Amino acid sequence: MSEILRPENPDQLVELVNWAVSEKQPLKVTGSDSKDGLGRPVQAQHTLSLSAFNGIRLYEPEELVLSAGAGTPLSVIRAALQEKGQEMAFEPPDLSVFYGQGNGEGTLGGLLACNLAGPRRIKIGAARDHFLGFSAVTGRGELVKSGGRVVKNVTGYDLSKLLAGSYGTLGIMTEVTLKVLPVAEKLRTVLVYGLEDAQAVSTLSKTLGSPHELSAAAHLPAAAAAGFALPRVSDAGRAVTAVRVEGPEPSAVFRCEALRKELSALGETEELHGKNSQDFWSKVANLQPFIQASDQIVWKVSTAPTAGPGVAARILAQRKGQHYYDWGGGLLWIGFDPAGIDDDGGAAIVREALGEAGGHATLMRAPDALRAAVPVFQPQEAGKAALSSRLKNAFDPSGVLNPGRIYADN
Amino acid sequence: MQMPEPDRGVISRKREIIAALQEILPQESVIYDEDELRAYENDGLTAYRQIPLIVVLPETTDQVSQVLQYCDKNSIKVVPRGAGTSLSGGALPLEDGIVLGLGKFNKILETDFENRCVVTQPGVTNLGITNAVEHAGFYYAPDPSSQIACSIGGNVAENSGGVHCLKYGLTTNNLLGLKVVLIDGSIIEIGGKHLDSEGYDLLGLMTGSEGLLGVVTEVTVRILQKPASARALLLGFETSEAAGDCVAAVIAGGIIPGGMEMMDRPAIHAAEDFVKAGYPLDVDALLIVELDGPPVEVDHLIERVNEIAKTHGAVYNRVSESDEERARFWAGRKAAFPAVGRLSPDYYCMDGTIPRNKLPHVLTRMREMSEHYGLGVVNVFHAGDGNLHPLIMYDANKPGDLEKAEDFGGDILKLCVEVGGVLTGEHGVGVEKRDLMGSMFSEVDLNQQQRVKCAFDPHSLLNPGKVFPQLHRCAELGRMHIHQGQLPFPDIPRF
Ligand SMILES: Cc1cc2nc3c(=O)[nH]c(=O)nc-3n(C[C@H](O)[C@H](O)[C@H](O)COP(=O)(O)OP(=O)(O)OC[C@H]3O[C@@H](n4cnc5c(N)ncnc54)[C@H](O)[C@@H]3O)c2cc1C
């Protein structure tokens, strides 16, 4: 294990990066290392921890804005927001159990750097859509800021978007600002039982295209539902298709009833209220079906919603696995049992199946060796890959920040 | 406004350039006649004009690619142009540059209701997208006031907003994919009908990049089902402070309205004189709050907002009882710009954003500035998200008036930054706010942004003179001054 460097302020961080550049010593950038299992393994002698950049700097609930050190634990952020009846509306998943290293849920900076989002992605966007501004030290050893603390802002390039999902390869964020939103007063989930994948996704498409303003839409084939450890879901013995409405109480109740009526033509329906409803969507977000079998290789596939079932069928025809859908069918999660040392983890099958449909597949969980051997992120077409590496170069010309975390040669 | 020194060599090669472009494009798509060029000499920032060298109107991505490749090889500057409604001079031509107009990219390529998206060419108007899908109950949410005219490509370039962005997001939150041509002619496809990107978020980066990074030739947008119903409240207050407090209380109460707009007294009077919207004339601030959703939700929230307004000093309140009445409430707000146009020969529209709770302070300071400059100012305000649109009234025919208006505007924007806000909320930096960038960003910040530009356009041929106050050569920006940092750092803790 390499030593962990823990700068305490931006000046020290700048000094550290300057050292890394001059001594050609790449750095592995971490918040609390909770997502070490996500992305390609970084080859670096030195690990940099941002845990000292900790604490909420500004939180103005009536302005819907929060700024915090990038190393602030998510649990701290969640607690502060909860106290004021607010939340990060993009519903960040808690992958601590999924990755299972006992490092907790992670930090705010780490969450943004991975651009994660939960079921509400389809309505409200991902982390990127709520990320208003930042300060970061680039691989040039310069502290830069971009964006601001207001939502309406087109002053200069939107570098927040670029840093969201950059996995620490462009800059080391020190402080970040995000937009927060009030928690809905009421949420209701309607379940329909026994639908086949294609029928389920086409139903979700139709329902998402209705004025009911769904805030989540998922489909669990029978095997996935069985592992959900929730009444009315794990004991259903069938596939479970679920939609969620949120809002002021009368509205949520009204839409729930309307949806139930509409959906009952397709099969038996149920409702989840209160805590059950909340737990259900947390489990969807936190990858519940892959928690038990912790050695399963897990893929995340983002595609056009209507293409989801076709892609899944093509994959599953070639390799046995377990799957479920979120984002109205556009997010497909697939888990495979590991199959020995020559195994590519299903990379060829998954990417080939995605082919025409368009989209991207990410290897979300696999042993280090496998994540080093196959492309974890969807390989880019040549022009785009060249542009991406020019962008990397614009921020980190010496390649000291998380080398290889996204692409092997970057 | 200082623009980059025109390249006399390029200007002297005009004939040769025309001939080369005519090889790529049909004759009628290459415009060089002085009279015809004049139609392109300005955008919505009418104080600035420049006749371009040549205008080209390609109609396929391949043609755009060939034109850009030719310009790149021959060091010719290119200014992309949509509908030319930019209020920041983003599409202002250059004397030695080609304007690349996207007006012929005017077709919607696909409407996909199942995946809730539309694939369109960039020259289609914002409203054109909604028109194409509304028969099925859908619409495209971001709604700039210029929506009948502005192009979706321009919206992408400016990350445009509208009154409904408070709830439904800006352009950037409603895009799924782009096809972009880079200056070297390469064609890049970003996103599609799926969510999020496989590498760096180029979609997010392109949005709001003001035509400096690439030319957008195809756009995939997300469409939404129209809300089942909508109602609006008209609320009058004796002070703008009270109105501001009411806005804060609504949001603190967990309500995010579909739209929440504020007008100050001069704006109320101007709008009422012009369209007779039925606004109260004896209040200092007017709020229009629109709630949308199923009728049960709308009725419930109208009630709650009304309660909040009462406890926050509303002296006037009216709830729309029909869609016609709701439209009337909005008519005044929507006509605010032309209404001010009747009061003053010219007006200059500003676009700063501030943290909402700074509104009373900013309005007071603005009144002081108005006296100082001797120019009137009218305020309309996207109150929900803190985006101000002060309209400064001046007379372009009066010597010195325009300069005064610009100085006044500059002071307002600097004030926005001073209170924690930004120079531009939705209109873009363009040429207009270019020289103010230093009030918000350090040189280090701006150099980093220009390095991003270099990754796309190393010779700075796409829309130069916009956004950045100073242009640096990419080679110079790329240079690294290596400082010898040392390890072990005595003061950096390790574990
Ligand atoms: C009366 C009025 C009201 C307005 N109201 C609003 C409002 O409510 N909200 C708001 O946000 N804006 C508003 N605007 C500003 C303006 O309409 C928007 O900025 C709009 O998005 C510009 O679109 P356009 O097609 O006219 O672009 P243009 O003015 O032609 O160009 C704007 C910028 O985009 C670039 N560009 C255009 N097309 C492309 C392309 N295909 N590829 C790459 N770059 C391109 C240009 O180079 C330029 O930098 C208003 C303007 C007016 C005149």
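Numbers restart at 1 for each chain; the letters A, B, ... are given by sequence-line order, proteins then strands. Bear in mind the structure is a predicted one, so any value in this text is a computation, not a measurement.
Between chain A and the residues B/R304, B/K226, B/R116, B/E426, the most heavy-atom pairs under 4.5 angstrom are made by B/R116. Counting heavy-atom pairs closer than 4.5 Å to chain B, the top-ranked of the candidates A/P379, A/G148, A/S388 is A/S388. Contact count versus chain B (heavy atoms, under 4.5 Å) is highest, among A/Q380, A/E381, A/E63, for A/E63. With chain A as the partner, the residue from B/I354, B/L195, B/T353 showing the most heavy-atom pairs under 4.5 Å is B/L195. If you tally non-hydrogen atom pairs under 4.5 Å between each of A/R390, A/K145, A/R149, A/Q378 and chain B, the highest count goes to A/K145. Each of B/G428, B/G352, B/S209, B/P458 has some count of heavy-atom pairs under 4.5 Å with chain A, and the biggest count is that of B/S209.
Heavy-atom distances place the side chain of A/L159, and not its backbone, under 4.5 Å from chain B. Heavy-atom distances place the backbone of B/E158, and not its side chain, under 4.5 Å from chain A. Only the side chain of B/L301 comes within less than 4.5 Å of a heavy atom of chain A; its backbone N, CA, C and O stay farther away. For chain A, the nearby part of B/L202 is the side chain; its heavy atoms alone come within less than 4.5 Å. At a 4.5 Å heavy-atom cutoff, B/S186 makes no contact with chain A through either its backbone or its side chain. If you measure heavy-atom distances from A/S210 to chain B, the contacts under 4.5 Å come from the backbone alone. Interface remark: A/L143 contributes backbone atoms only to the contact with chain B (heavy atom separation under 4.5 Å). When heavy atoms are compared at a cutoff of 4.5 Å, A/K84 does not approach chain B at all. For A/Y167, no part sits under 4.5 Å from any heavy atom of chain B, backbone or side chain. Within the 4.5 angstrom heavy-atom criterion, no atom of A/E249 approaches chain B. Contact annotation for A/T362: neither backbone nor side-chain heavy atoms come within less than 4.5 Å of a heavy atom of chain B. Both the backbone and the side chain of B/L423 come within contact range of chain A, with heavy atoms under 4.5 Å apart. Contacts between A/E213 and chain B at a heavy-atom distance below 4.5 Å involve the side chain alone, from C-beta outward. Heavy-atom distances place no part of A/Q25 under 4.5 Å from chain B, backbone and side chain included. Neither the backbone nor the side chain of B/M206 comes within contact range of chain A, judged by heavy atoms closer than 4.5 Å. For chain B, the nearby part of A/P397 is the side chain; its heavy atoms alone come within less than 4.5 Å. The contact between B/L213 and chain A is made entirely by side chain atoms (from C-beta outward), counting heavy-atom distances below 4.5 Å. Within the 4.5 angstrom heavy-atom criterion, no atom of A/L331 approaches chain B.
With 3.5 Å as the limit, one finds no donor-acceptor pair spanning the side chains of B/T207 and B/N159.
When atom types are taken as modelled, the side chain of A/K392 and the backbone of A/T169 share a donor-acceptor pair closer than 3.5 angstrom. Distance alone, capped at 3.5 Å, places no donor-acceptor pair between the B/E114 side chain and the A/S205 backbone.
Of all heavy-atom pairs between B/C165 and B/L170, the closest is CB-CD2, 3.8 Å.
The distance between the ring centers of B/Y200 and A/Y407 does not fall below 6.0 angstrom.
Taking the six-membered ring where tryptophan is involved, the planes of B/H194 and A/H360 are perpendicular, since the angle between them exceeds 60° and thus also 30°.
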